[in-house]
Amino acid sequence: MKVVGYFIGACVILAIVRTVAAALIITLVLAIIVGVVTKPRETFGLLLFLLLAGVIRDHAIALIVGLVAVFALGLVARVVANRR
C-alpha cells in the first residue's frame, strides 16, 4: 500500500511539473510575440543569436565550412563585379 501511495505522489508531482512547463512555454511564446511587436529588430537579433549559438554548439564543423563558403562566394562576386 505504501508503494501505491508513492506512485500516486510521483504522478501528482509529474503532473504539476508538466503544468508548470506548459505555463513557461506559453509565457515564453507570449514574450516573443510582445517583443516582435514592440522591438522587432532586437527580438529577431536575439532569436538569430540563439539560433547561431545552437548551430555552433551542435554543428561546429559544418558552420565553419558554410561560413568559409559564403566568404569565398563574396570574394568571387566582388572580383567579378570589379572586372565589369
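Note that these values count all heavy atoms, side chains included, but never hydrogens, waters or copies made by symmetry.
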Checklist entry - Is it true that Val36 and Leu28 fall in one hydrophobic cluster, defined by side-chain heavy atoms closer than 4.5 Å? => result yes
Checklist entry - Measuring from Phe49:CZ to Ile56:CD1, what's the distance to the nearest 0.5 Å? => result 8.0 Å
Checklist entry - How far does CG of Leu14 sit from OG1 of Thr19, to the nearest 0.5 angstrom? => result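 Leu14 atom CG to Thr19 atom OG1 measures 10.5 Å (nearest 0.5 Å).
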Next on the checklist: Quick one, Val37 and Thr43 - any side-chain contact, counting heavy atoms below 4.5 Å?
Outcome noted: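 Result no, sub-4.5 Å side-chain heavy-atom pair not found.
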Next on the checklist: Quick one, Val79 and Leu75 - any side-chain contact, counting heavy atoms below 4.5 Å?
Outcome noted: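 With C-beta onward as the side chain, the pair stays apart.
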Item to check | Among Ile64, Val70, Leu63, the one residue meeting side chain to side chain contact (heavy atoms under 4.5 Å, CB included) with Leu67 | outcome: Leu63
